[in-house]
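Just so we're clear, the structure is a prediction, and the values are computed from it rather than from any experiment. No hydrogens, no waters, no symmetry mates; every other heavy atom, side chains included, goes into these values.
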Amino acid sequence: MRHLINILDLTTEEIDQLVRTACDIIDNPVKYRDICRYKKLATLFFEPSTRTRLSFEAAMLELGGSVLGFSEASSSSASKGESVADTVKVVSAYADIIAMRHPKEGAPMVAATKSDVPIINAGDGGHYHPTQTLTDLLTIAREKGTFENLTIGLCGDLKFGRTVHSLIAAMSRYTGVKFVLISPVELKLPGYVKADYIKSKGIPYEQTTSLEAALPSLDVLYMTRVQRERFFNEEDYLRLKDSYVLTPEKMQLAKKDMIVLHPLPRVNEISTAVDDDPRAAYFRQAKNGKYIRMALILKLLEEI
Ligand code: NCD
């Protein structure tokens with residue numbers, strides 16, 4: 001039985017297979033609409049979500065399956081003091097596959113040791129978010145046609161942004177990749193991410209506080225929200241929240257074929273005036289999330 005806790009649980013060949021399957025689902029949806037009939041997905045969300053939970057649920061429904069679950073810890077027995085381990089042991093008797101989001105780093109990994117069915121990490125605290133990364137990879141594949149020789153700028157909250165950590169881990173396996181890390185000093189990439197996925201592999205990278213300085217060299221710009229819920233005090237959040245705002249004027253500094261990604265939700269970091277720029281790929285990205293999650297469910301249920 002396979003789980004998806006860290007994006008590196010999948011080989012690059014398996015990622016290619018998921019991307020190929022997602023593209024086939026986009027082109028031939030009818031072929032897939034009954035594959036998961038009588039199968040159930042449980043979504044256990046101990047933290048807020050719009051896209052991740054709803055795209056998982058839409059994915060299972062479009063495969064002909066059913067969904068059950070909860071969308072906040074307060075409506076589950078966690079509020080009575082039940083451990084994640086006990087919750088998962090029980091839910092794995094009700095569902096064939098589980099997607100779990102939790103504010104504590106490592107919770108889905110613990111869940112995987114107790115579960116009789118595949119566990120998918122749908123975001124664990126400020127740690128990892130592998131299915132967002134699959135969404136990002138499908139988008140890069142469809143928009144750029146390759147994972148190689150790309151200069152990727154990651155901008156905003158690189159400290160608490162779990163989507164950034166997983167994307168760096170995934171992209172570090174492709175040749176010719178370069179990272180430009182754009183953040184305020186207080187929100188720099190954690191040492192373990194830099195050590196494990198950038199330095200140990202000798203991947204070229206630059207660190208800057210200036211989005212304007214970075215923009216001209218980028219093939220992909222990955223914008224992120226400052227993660228308010230992970231701050232220890234509101235003052236720091238208020239001081240840092242508007243560090244970067246992407247505007248049409250700044251977009252003039254970028255390459256004609258650069259793409260702008262954002263896992264969403266957006267707060268202020270991308271002006272809505274950028275949405276009409278053909279390089280703004282974030283809503284196409286959100287759409288891709290459903291298709292890649294369909295492919296992932298099929299893989300973990302051993303249907304592909
Ligand atoms: C991200 C998350 O939950 O980490 N959202 C998402 O899943 N699309 C990014 C964020 O909340 O800023």
Side-chain angles (χ1 to χ4, degrees), residues 1-5 7 10 18-19 21-26 28-78 84 87-88 90-103 107-108 111-112 115-124 128-139 162-163 166 262-266 282-304:
M1 187 179 53
R2 297 280 301 272
H3 305 285
L4 178 63
I5 306 300
I7 189 67
L10 296 166
L18 291 174
V19 167
T21 303
C23 291
D24 192 48
I25 293 170
I26 292 168
N28 306 292
V30 174
K31 212 167 108 185
Y32 293 88
R33 70 180 177 194
D34 286 322
I35 301 186
C36 288
R37 202 191 306 196
Y38 308 122
K39 299 274 188 202
K40 282 170 284 176
L41 163 76
T43 51
L44 310 187
F45 276 59
F46 297 87
E47 253 195 0
S49 170
T50 299
R51 272 148 293 271
T52 305
R53 187 172 62 83
L54 296 183
S55 67
F56 259 119
E57 297 192 356
M60 191 48 148
L61 295 172
E62 286 195 26
L63 291 167
S66 314
V67 296
L68 64 162
F70 53 82
S71 56
E72 46 187 326
S74 61
S75 65
S76 78
S77 285
V84 164
T87 303
V88 161
V90 171
V91 174
S92 72
Y94 303 154
D96 301 284
I97 184 163
I98 296 174
M100 175 194 235
R101 169 171 289 190
H102 201 283
S115 176
D116 300 323
V117 302
I119 297 281
I120 301 169
N121 176 6
D124 63 326
Y128 291 131
H129 193 347
T131 66
Q132 179 62 47
T133 299
L134 291 175
T135 303
D136 304 339
L137 293 173
L138 175 60
T139 309
R162 56 194 174 195
T163 63
S166 289
H262 191 309
L264 304 178
R266 149 175 70 183
Y282 31 93
F283 289 113
R284 298 193 291 276
Q285 180 185 3
K287 214 167 159 184
N288 287 332
K290 181 182 69 179
Y291 300 113
I292 200 76
R293 288 182 173 100
M294 289 172 78
L296 178 66
I297 291 169
L298 291 175
K299 178 158 185 72
L300 295 180
L301 292 179
E302 298 178 5
E303 298 285 355
I304 54 168

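Taking OG of Ser71 as the start and CD of Glu47 as the end, the distance is 12.5 Å to the nearest 0.5 Å. Interatomic distance, Leu41 CG to Arg53 CZ, rounded to the nearest 0.5 Å: 11.0 Å. Within the model, atoms CD1 of Ile7 and CD of Gln132 stand 10.5 Å from one another, a figure rounded to the nearest 0.5 Å. Taken from CZ in Phe46 to NE2 in His102, the straight-line distance is 5.0 Å, to the nearest 0.5 Å. Atom CG of Leu63 sits about 5.0 Å away from atom CG of Leu298, to the nearest 0.5 Å. To the nearest 0.5 Å, atoms CZ (Arg293) and CG (Leu300) are separated by 12.5 Å.
The minimum heavy-atom distance between Asp124 and Asn121, with the atom names listed, is OD1-ND2, 3.1 Å. Across every non-hydrogen atom of Ala95 and Ala42, the tightest pair is CB-CB, 3.7 Å. Annotation for Ala286 and Arg51: closest pair CB-CD, 4.1 Å, computed over non-hydrogen atoms. The two atoms that bring Ser166 and His129 nearest to each other are OG-N, 2.8 Å, heavy atoms only. Contact between Thr163 and Thr133 at its shortest, heavy atoms only, is O-OG1, 4.0 Å.
Residues Cys36 and Ile297 form a side-chain contact, since some pair of their non-hydrogen atoms from C-beta on lies under 4.5 Å apart. Between Leu137 and Leu18 there is no side-chain heavy-atom pair separated by less than 4.5 Å. Inter-residue side-chain proximity for Ile25 and Thr21 is flagged as met; some heavy-atom pair is nearer than 4.5 Å. Considering only heavy atoms from C-beta on, Arg2 comes within 4.5 Å of Leu10 through its side chain. The shortest distance between side-chain heavy atoms of Met60 and Thr43 does not fall below 4.5 Å. Looking only at side-chain heavy atoms (C-beta outward), Arg101 and Pro48 stay at 4.5 Å or farther from each other. In this structure, Met1 and Asp116 have side chains that are not in contact, with every pair of non-hydrogen atoms separated by 4.5 Å or more. Within the 4.5 Å cutoff, the side chain of Thr50 has heavy atoms near those of the Leu54 side chain.
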**OP:** Mind running side-chain contact (heavy atoms from CB on, under 4.5 Å) on Leu301 and Ile35 for me, showing each step along the way?
**Re:** CA-CA 10 Å; Leu301 292 179; Ile35 301 186; over 6 Å; no

Original post:
Is there a side-chain contact (heavy atoms from CB on, under 4.5 Å) between Tyr32 and Asp24 once you walk through the steps?
Top reply: CA-CA 9 Å; Tyr32 293 88; Asp24 192 48; 2.5 Å; yes

**OP:** Go through the steps for Cys23 and Leu138 under the test side-chain contact (heavy atoms from CB on, under 4.5 Å), then give the verdict.
**Re:** CA-CA 8 Å; Cys23 291; Leu138 175 60; 4.0 Å; yes

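No donor-acceptor pair closer than 3.5 Å links the side chain of Ser115 to the backbone N or O of Ala111. In this structure, Ser55 contributes its side chain and Thr52 its backbone to a donor-acceptor pair below 3.5 Å. A donor-acceptor pair is defined here as one N or O able to donate and one able to accept, closer than 3.5 Å; such a pair exists between the side chain of Gln285 and the backbone of His262. A donor-acceptor pair is defined here as one N or O able to donate and one able to accept, closer than 3.5 Å; such a pair exists between the side chain of Ser76 and the backbone of Ala73. Checking side-chain atoms of Lys40 against main-chain N and O of Leu68 turns up no donor-acceptor pair under 3.5 Å.
Within a 6.0 Å sphere centred on CZ of Arg33, other residues, nucleotides and ligands contribute 12 heavy atoms or fewer. Counted within 6.0 Å of CZ on Phe283, heavy atoms from surrounding residues, nucleotides or ligands total more than 12; the atom is thus considered enclosed. Taking a 6.0 Å sphere around NZ of Lys299, one finds it holds more than 12 heavy atoms contributed by other residues, nucleotides or ligands.
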